[in-house]
Amino acid sequence: MDKEKTCCFTGHRPDKLPWGEDEDDPRCLRLKQSIARAVEEACAAGCRHFITGMARGVDLYCAEAVLALREAEPEITLECARPCETQADSWPEEQRGRYQSILDRSNFETLVQHNYDRFCMMRRNRYMVDRSSRLIAVYNGVPKGGTAQTLAYAMKKGLDTVILDLEDFCQ
């Protein structure tokens, strides 16, 4: 894949989103619309390959936005970068089904490592950033955690970063 035409994502899991698991919440619906716009803008800027880390919450929202855009833009590809084989094993059944559906519809699946360890998520995040020229981040401003680390790493690597501030969706 051409790094210059690749965009990856980072963002929070449901426990750090103000609406939690309630994706029908108007704030969540507004965020999903903003993600779709950011994906469309990345596409307009030349991105054709998108990489998601497949975590619950924002990563899945982003994957679904790419899959929706791919219906109109068939040259778009989605890569699912899984940190380990057991990523979704403990998720609720409905979320495991959603995860599998996204995997089934993706163009590429990358397994960063077979077994879980405490660094596999960070390795997955670096894998995505190292292969991208753009990052779309949904970020709550808290300077610790995986989203903050991925955003900092992307900025250090000089990626074009688009930050959707979670606070903007909480009014």
| Does a salt bridge link Asp15 with Arg13, judged by any charged N lying under 4.0 Å from a carboxylate O? |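 Salt bridge between Asp15 and Arg13, a charged N being under 4.0 Å from a carboxylate O: no.
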
Which heavy atom in [X] sits nearest to a heavy atom in [Y], and how many Å separate them?
X	Y	result
Ala148	Pro143	CB-C, 3.8 Å
Ala65	Ala36	CB-CA, 4.2 Å
Val112	Pro83	CB-O, 4.0 Å
Ile76	Cys43	CD1-SG, 3.4 Å
Cys84	Leu111	C-CD1, 3.5 Å
Leu135	Ala154	CD2-CB, 3.6 Å

Short side-chain to backbone donor-acceptor contact, [X] and [Y], under 3.5 Å:
X	Y	result
Asn125	Thr150	no
Thr110	Ala81	no
Arg70	Val66	no
Thr6	Asp2	yes
Thr52	Asp59	yes

Single-linkage hydrophobic cluster [X]~[Y], side-chain heavy atoms < 4.5 angstrom:
X	Y	answer
Tyr153	Tyr127	no
Met54	Leu69	yes
Ile35	Leu78	yes
Leu164	Leu159	no

| Of the options Glu73, Glu79, Glu75, which is the one that meets Arg48 in a salt bridge (charged side-chain N to carboxylate O under 4.0 Å, His left out)? |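 Considering Glu73, Glu79, Glu75, a salt bridge (charged side-chain N to carboxylate O under 4.0 Å, His left out) with Arg48 is found only for Glu75.
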
| field | Sole residue of Arg98, Arg30, Arg56 in salt bridge (charged side-chain N to carboxylate O under 4.0 Å, His left out) with Glu23 | value |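 Going through the options one by one, the only one that passes is Arg98.
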
Point-to-point distance, once rounded to the nearest 0.5 Å, from [atom1] of [X] to [atom2] of [Y]:
X	Y	atom1	atom2	result
Glu64	Arg105	CD	CZ	6.5 Å
Ser106	Phe50	OG	CZ	14.5 Å
Asp168	Arg27	CG	CZ	13.5 Å
Asp160	Ile136	CG	CD1	9.0 Å
Tyr61	Phe9	OH	CZ	14.5 Å
Asn107	Cys80	CG	SG	9.0 Å

| salt bridge (Lys or Arg N to Asp or Glu O under 4.0 Å) with Glu109: which residues, sequence neighbours excluded? |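 Salt bridge (Lys or Arg N to Asp or Glu O under 4.0 Å) list for Glu109, sorted by chain: Arg82.
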
Heavy-atom check, side chain of [X] versus side chain of [Y], under 4.5 Å:
X	Y	result
Phe108	Met1	yes
Val39	Cys62	no
Val58	Leu17	yes
Ile51	Arg131	yes
Ile102	Leu60	yes
Trp19	Leu31	yes
Val129	Cys8	yes
Lys5	Cys47	no

| What class does the angle between the rings of Tyr99 and Trp91 fall in, given that below 30° is parallel, 30 to 60° is tilted and above 60° is perpendicular? |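 Tyr99 vs Trp91 ring planes: perpendicular.
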
| task | Would you tell me whether Glu167 and Tyr139 have side-chain atoms, one donor and one acceptor, within less than 3.5 Å of each other? | result |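 No.
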
| field | Short side-chain donor-acceptor distance under 3.5 Å, Gln87 and Tyr116 | value |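 Side-chain D/A pair, Tyr116 to Gln87: absent.
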
| task | Mind running side-chain contact (heavy atoms from CB on, under 4.5 Å) on Gln33 and Leu29 for me, showing each step along the way? | result | CA-CA 6 Å; Gln33 288 174 336; Leu29 297 174; 5.7 Å; no

| Going through the checks in order, is the salt bridge (Lys or Arg N to Asp or Glu O under 4.0 Å) test met by Asp117 and Arg123? | CA-CA 10 Å; Asp117 68 30; Arg123 286 187 194 100; 3.1 Å; yes

| message | For a side-chain contact (heavy atoms from CB on, under 4.5 Å) check, start with the C-alpha distance between Asp130 and Lys157, then their side-chain angles and the critical distance, and finish with the verdict. | response | CA-CA 8 Å; Asp130 289 343; Lys157 291 287 194 170; 3.6 Å; yes

